[in-house]
Structure formats: structure tokens, C-alpha cells
Amino acid sequence: MAEPVKLIGCFGSPFVHRVEVALRLKGVPYELIEEDLNNKSDLLLKHNPFHQKVPVLLHGDRPAVCESLIIIEYIDEAFSGPSLLPSDPYERAMARFWAAFMYKECKDSMWIADGEVQAASAREMKANLTLIERQLPEGKKFFRGDTIGFLDIAVGGIAHWMGVFEEIAGVHLLIEEEHPALCRWAREYILDETVGQCLPDRDRVVAALTPRKELYVSIAKAMAAQK
């Protein structure tokens, strides 16, 4: 009998979405436990006491696995099904590099929300999107080729959440004329049947994130000041 798999997550998180896509692509049944991050449960504090963040993966009686990209790699190795990471060592290393790049360089600059700082941040974000776009194989639907893989999952937030951030922050970052290949990829990603099964409703995501805009903006400004 297969060991139970549980995912501690919350509504509207692109990081939780990553893990759900990976589980579904591998065909792994799982229970999603939705967390209220304003009132964190004992379960979350027990299994991720240091960061106290989601996602957290529980697999049988093993200690919890935390951090979305690490969880995806664990899922890829622990369960049978189509491989998410490339088999070639170089391609695997590049997928990991660009996944880390997306997290480190892109996630905060979307929230800079005023004046010259916003303009500079938008230019930086667009330059980073250009670098990511160049990793798309010519003539292919996804970064992995014809099927969704590790890097597609890692940058999947661009496809569904970028528009949400643009609407809330009042900026335009991903534009068809500037990034046509990345826009095509985003549409293909959203239209994928497996991905669509765990995409949160866009209007609900906007409603959930808008009250926290000032917090995200302050964090993004602090991160920008450190660069």
C-alpha cells in the first residue's frame, strides 16, 4: 500500500501550485491541507518551525520536506512516472540554475510600486524575462520541449500570477511585443490539462493579494535597497 502524501499549502500561492503540478504530473495522489497564514496551525509550526511557510510535503512517516523547488526534486526522485528534470547532466544543471534565477532575481521586483524606483525595477524585471525567454527551445511549446518539465513548473508563476501582480502594482511587465515567445509559452502552460486542474481562480487571487500589497511593496523595496 502506498504511503500517504499530504501537502500543506494555502490558496493562491504560486509555490504551492508548483508542488501540486509536480504531484499531478507524476500521478501521485495527495491530500491538500489549506493553511491560514494569518493564523498558522500547530501542524505547520511542527513541520516547518524555522521558516513557518508553505509549501510543506509530508510523505509517510518521514520528516517534512520544505521549499518548493526542493520538494519538486524530491517528488521526481521518490515517485515513478515521467521525469521532471532532464536526464542529461548539463541540461539538468541549467534547469536548476534558471529555476533559482527566477526565484532570486524576479520575485521581488514585481512589487516595486512608485516613481523612479518602480521604473528601474520594471526595466530589471523585463531584462530578466528576456534572459528566461532565451531558454525556450526554438519551435517547442515548453522549456522541457514538448512536455512540461522542472523549469516550466519553476517559472509557472509568470503564466498565471504575473498578470495579477501587474494589476495590483499598476505596471506592465510581460508584453506580447517585447516577449512573444514567453507569452506563447504562458498560454500553453495555462491551457495544459494537468496545470489547469490546480490553477487558482484569478479573481480570487487578486482579491486575496490586494490587501497585502503594501507589505509586498515594502519587502520589495528593502530587497532592492540591498542590491
Checklist entry - What residues, two or more places apart in sequence or in another chain, satisfy salt bridge (charged side-chain N to carboxylate O under 4.0 Å, His left out) together with E34? => result none
Next on the checklist: Within the 4.5 Å heavy-atom criterion, are R134 and T130 side-chain neighbours or not?
Outcome noted: yes
Checklist entry - Would you call the rings of Y189 and H17 parallel, tilted or perpendicular, where under 30° means parallel and over 60° means perpendicular? => result perpendicular
Item to check | Intermediate values then yes/no, salt bridge (charged side-chain N to carboxylate O under 4.0 Å, His left out), E176 and R187 | outcome: CA-CA 11 Å; E176 186 84 32; R187 289 191 292 270; 2.9 Å; yes
Checklist entry - Hey, quick one: are W185 and F165 part of the same hydrophobic cluster, counting side-chain heavy atoms closer than 4.5 Å, chains of contacts allowed? => result yes
Checklist entry - Got a second to check how far C10's SG is from I33's CD1, nearest 0.5 Å? => result 13.0 Å
Item to check | Any side-chain heavy-atom pair of Y30 and V19 under 4.5 Å | outcome: no
Item to check | Aromatic ring pairing F101/F97, orientation class (parallel under 30°, perpendicular over 60°, tilted between) | outcome: parallel
Checklist outcome for this item: Rounded to the nearest 0.5 Å, the CD1 atom of I148 sits from the OG1 atom of T194 at a distance of 7.0 Å
Just list the side-chain donor-acceptor pairs under 3.5 Å for residues 62-82, sequence neighbours left out, or say none.
unit_1	atom_1	unit_2	atom_2	d
R62	NH1	E3	OE1	2.7
R62	NH1	E3	OE2	3.3
R62	NH1	H59	O	3.3
R62	NH2	E3	OE1	3.0
S68	OG	R18	NH1	2.8
E73	OE1	R96	NE	3.2
E73	OE1	R96	NH2	2.8
E73	OE2	R96	NE	3.1
Y74	OH	H59	ND1	2.6
D76	OD1	K26	NZ	3.1
D76	OD1	L84	N	2.9
D76	OD2	L84	N	3.2
D76	OD2	L85	N	3.0

Next on the checklist: For the CG atom on D61, are there more than 12 heavy atoms of other groups (residues, nucleotides or ligands in this structure) within a distance under 6.0 Å?
Outcome noted: no
Item to check | side-chain contact (heavy atoms from CB on, under 4.5 Å) evaluation trace for L37 with L44 | outcome: CA-CA 9 Å; L37 296 182; L44 176 61; 4.2 Å; yes
Item to check | Hydrophobic cluster identity match, F15 and L23, side-chain contacts under 4.5 Å | outcome: no
Checklist entry - So, the side chain of K40 versus the backbone of Q52: is there a donor-acceptor pair under 3.5 Å, distance only? => result yes
Next on the checklist: Closer than 3.5 angstrom, by distance alone: can the side chain of W161 be matched with the main-chain N or O of G12 as a donor-acceptor pair?
Outcome noted: yes
Checklist entry - Do C183 and E178 come close enough that some side-chain heavy atom pair is under 4.5 Å? => result no
Checklist entry - Are the charged groups of D146 and K140 less than 4.0 angstrom apart, N to O? => result yes
Next on the checklist: Tell me whether D42 at atom CG has more than 12 heavy atoms from other residues, nucleotides or ligands lying less than 6.0 Å away.
Outcome noted: no
Checklist entry - Heavy atoms, side chains only, cut-off 4.5 Å: are K6 and H47 in contact? => result no
Checklist outcome for this item: What one should report as the nearest heavy-atom pair of D152 and T147 is OD2-O, 4.0 Å
Next on the checklist: For the CD atom on Q197, are there more than 12 heavy atoms of other groups (residues, nucleotides or ligands in this structure) within a distance under 6.0 Å?
Outcome noted: yes
Item to check | Student check: side-chain heavy atoms of H160 and P200 closer than 4.5 Å | outcome: yes
Checklist outcome for this item: To the nearest 0.5 Å, atom CD of E188 lies from atom NZ of K141 at 4.5 Å
Next on the checklist: Let me check something: do L136 and L131 share a hydrophobic cluster, defined by ILVMFWY side-chain heavy atoms less than 4.5 Å apart, either directly or through other members?
Outcome noted: yes
Next on the checklist: I want to check something: taking the side chain as every heavy atom from C-beta on, are R144 and L151 in contact at a cut-off of under 4.5 Å?
Outcome noted: no
Checklist entry - Quick one: are M162 and L129 in side-chain contact, heavy atoms under 4.5 Å? => result yes
Item to check | Nearest non-hydrogen partners of V195 and D192, listed with the distance | outcome: N-OD2, 3.1 Å
Item to check | Residue pair P14 / G157: nearest heavy atoms and the distance that separates them | outcome: CB-CA, 4.5 Å
Checklist entry - According to a 4.5 Å side-chain heavy-atom criterion applied to Ile, Leu, Val, Met, Phe, Trp and Tyr, with indirect links allowed, do L191 and V21 form part of one hydrophobic cluster? => result no
Checklist entry - Can you name the closest pair of heavy atoms from V5 and V28 and give their distance? => result CG2-CG1, 3.9 Å
Item to check | In one Ile/Leu/Val/Met/Phe/Trp/Tyr side-chain cluster, 4.5 Å: L199, V205 | outcome: yes
Checklist entry - Backbone N or O of I8 within a donor-acceptor pair of the E35 side chain at under 3.5 Å? => result no
Next on the checklist: Between R204 and F11 (side chain of the first, backbone of the second, donor and acceptor by atom type, cut-off under 3.5 Å), is there such a pair?
Outcome noted: no
Checklist entry - Quick check: does any side chain N or O of E166 sit under 3.5 Å from a backbone N or O of L174, one acting as donor and the other as acceptor? => result yes
Checklist entry - With a 4.5 Å limit on heavy-atom distance, are the side chains of I158 and M102 in contact? => result yes
Checklist entry - If you look at every heavy atom in K126 and H172, which pair is closest and at what distance? => result CE-O, 3.3 Å
Checklist entry - Looking only at heavy atoms, which two atoms of E177 and I175 are closest? And how far apart? => result OE1-CG2, 3.0 Å
